[in-house]
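Owing to the predicted nature of the structure, the values given are computational and were not obtained by experimental measurement.
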Amino acid sequence: MHALIDGKGLAAQMRSEIKQRIDEYKLKYGREIGLAVVMAGNNAASQVYVRNKIKACGEVGIKSQNYCYPEDIPQSELAKHIKALADDDNVDGILVQLPLPPHINADEMLRLIPAQKDVDGFSAENVGKLCTGKESIVACTPNGVMEMLRHYNIEISGKHAVVVGRSNIVGKPMAMLLLNANATVTVCHSRTKNLRGECLNADILVAAIGKAKFITADMVKQGAVVIDVGMNRDENGKLCGDVDFENVRDKCSYITPVPGGVGPMTITMLMHNTLQAAVLRRKL
């Protein structure tokens, strides 16, 4: 018997709490919270993400500033714009929407964002703090997964968590958050031998590999908690995750659907991180 983890419902609840905290912040400090979103080029998926982020900002009361630059913007010019935002006291968070055009070095652009304005949680300083268990701004998607686990009172301490995928955006920070919550963590990837065997050991299985329906029922232990971070299209063009949901669901104690699971939490955690960045900056 499985229980669905309703990311959409939890995200809505969290957004109303974040809005309340932002209203309190505005009263206390007499200023708005500003998020700058930087985008270069015409990537269709990025445009959708950015639209959703701007909409979410409007919902919770964050002042969003959107900077869209042409595909052929020179790297030096984009760097100049990001540096100006880094120095702007009205900007609490900076988000550079990836991917950037091929001629621009994304790592160099991300390095220009000060750690205290890095609302994506990608900077070396924030990642380092996460690894050493210090307070930091944490990547939105894995942070959202942790909120889901907490909200549903899913025990993490002492459990065996398996993360499939080792990206800097999801897999690695996810593993570190679970480790910090006292799980025993295994990280699997394309070179893992006996992936099925590793997955079958998981009390908590996080799929973040980017392959449609990759995790099948024979890879999931009875009663496991399955978190599907994937966002893919199946053979019929329908949105699906990394987990074969229909065949896996009956083996799980909890499972996240796609859509309506991890996705809505990612943007909600961006709102949370922007508020956190504003608060941390006031304390400096």
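Surrounding NZ of K26 are more than 12 heavy atoms belonging to other residues, nucleotides or ligands, all under 6.0 Å away. Counting heavy-atom neighbours within 6.0 Å of E71 CD, excluding the residue itself, gives a total above 12. Environment of NZ in K159: sparse, with no more than 12 heavy atoms of neighbouring residues, nucleotides or ligands closer than 6.0 Å.
With hydrogens and angles disregarded, a donor-acceptor distance shorter than 3.5 Å links the side chain of N232 to the backbone of G241. N126 places a side-chain N or O within donor-acceptor distance of the main-chain N or O of A115, the cut-off being under 3.5 Å. Remark: the backbone N or O of K193 is not paired with any side-chain donor or acceptor of E198 at under 3.5 angstrom. Counting only distance, with no hydrogens or angles, the side chain of Q116 and the backbone of L280 share no donor-acceptor pair below 3.5 Å. Side-chain atoms of T192 never come within 3.5 Å of backbone atoms of L195 as a donor-acceptor pair (strictly under, hydrogens ignored).
Here K172 contributes atom NZ and R166 contributes atom CZ; the two are 7.5 Å apart, rounded to the nearest 0.5 Å. For the atom pair CG (L178) and OG (S157), the distance works out to 11.5 Å, reported to the nearest 0.5 Å. Between atom CD of residue Q65 and atom CD1 of residue I94 there is a gap of 10.0 Å, rounded to the nearest 0.5 Å. Atoms CG and CG, on D244 and D218 in that order, are 10.0 Å from each other to the nearest 0.5 Å. For the atom pair E147 CD and M265 CE, the distance stands at 5.5 Å (nearest 0.5 Å). One finds the CD1 atom of I22 at 12.5 Å from the CG atom of L27 (value rounded to the nearest 0.5 Å).
V145 and L4 sit in two unconnected hydrophobic clusters of ILVMFWY residues. Membership requires side-chain heavy atoms under 4.5 Å apart, directly or through other members. In the hydrophobic clustering of this structure, L205 does not group with M146; members are Ile, Leu, Val, Met, Phe, Trp, Tyr whose side-chain heavy atoms approach within less than 4.5 Å, directly or through other members. Linking ILVMFWY residues whenever their side-chain heavy atoms come closer than 4.5 Å, directly or via other members, places L112 and I73 in the same cluster. In the hydrophobic cluster analysis, where Ile, Leu, Val, Met, Phe, Trp and Tyr join through side-chain heavy atoms closer than 4.5 angstrom, M174 is grouped together with V229. L149 and L130 fall within the same hydrophobic cluster, defined by Ile, Leu, Val, Met, Phe, Trp and Tyr side-chain heavy atoms under 4.5 Å apart, directly or through other members.
Of the candidates V226, V206, D228, I227, D242 forms a side chain to side chain contact (heavy atoms under 4.5 Å, CB included) with just one, namely D228. With K117 as the partner, the side chain to side chain contact (heavy atoms under 4.5 Å, CB included) test is satisfied by one option alone out of D92, V91, L95: V91. When each of T256, I215, I255 is tested with F245 by the rule side chain to side chain contact (heavy atoms under 4.5 Å, CB included), just one qualifies, namely I255.
With respect to D107 and R111, no salt bridge is recorded, no charged nitrogen being found less than 4.0 Å from a carboxylate O. Salt-bridge formation is detected for the pair K129/E125: a Lys NZ or Arg NE/NH1/NH2 atom is positioned less than 4.0 Å from an Asp or Glu carboxylate oxygen. Using a 4.0 Å cut-off between a side-chain N of Lys or Arg and a carboxylate O of Asp or Glu, E24 and R21 do not qualify as a salt bridge.
In plain terms, the two heavy atoms of F122 and I169 that are nearest each other are CZ-CG1, 3.7 Å. Shortest non-hydrogen contact noted between P70 and A40 is O-CB, 4.3 Å. Of all heavy-atom pairs between A106 and L100, the closest is CA-CD1, 3.9 Å. Here the closest heavy-atom approach between residue A212 and residue C240 is recorded as CB-SG, 3.6 Å. What you find for R15 and P264 is that their closest heavy atoms are NH2-O, 3.7 Å.
In this structure, Y69 has its ring center under 6.0 Å from that of H81.
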*Evaluate the side-chain contact (heavy atoms from CB on, under 4.5 Å) criterion for residues Q97 and Q47: first the C-alpha distance (whole Å), next the side-chain angles of each, then the deciding distance (0.1 Å), finally the verdict.*
CA-CA 9 Å; Q97 184 65 46; Q47 287 172 337; over 6 Å; no
*side-chain contact (heavy atoms from CB on, under 4.5 Å) assessment of K19 paired with D23*: CA-CA 6 Å; K19 183 183 187 310; D23 289 343; 3.3 Å; yes
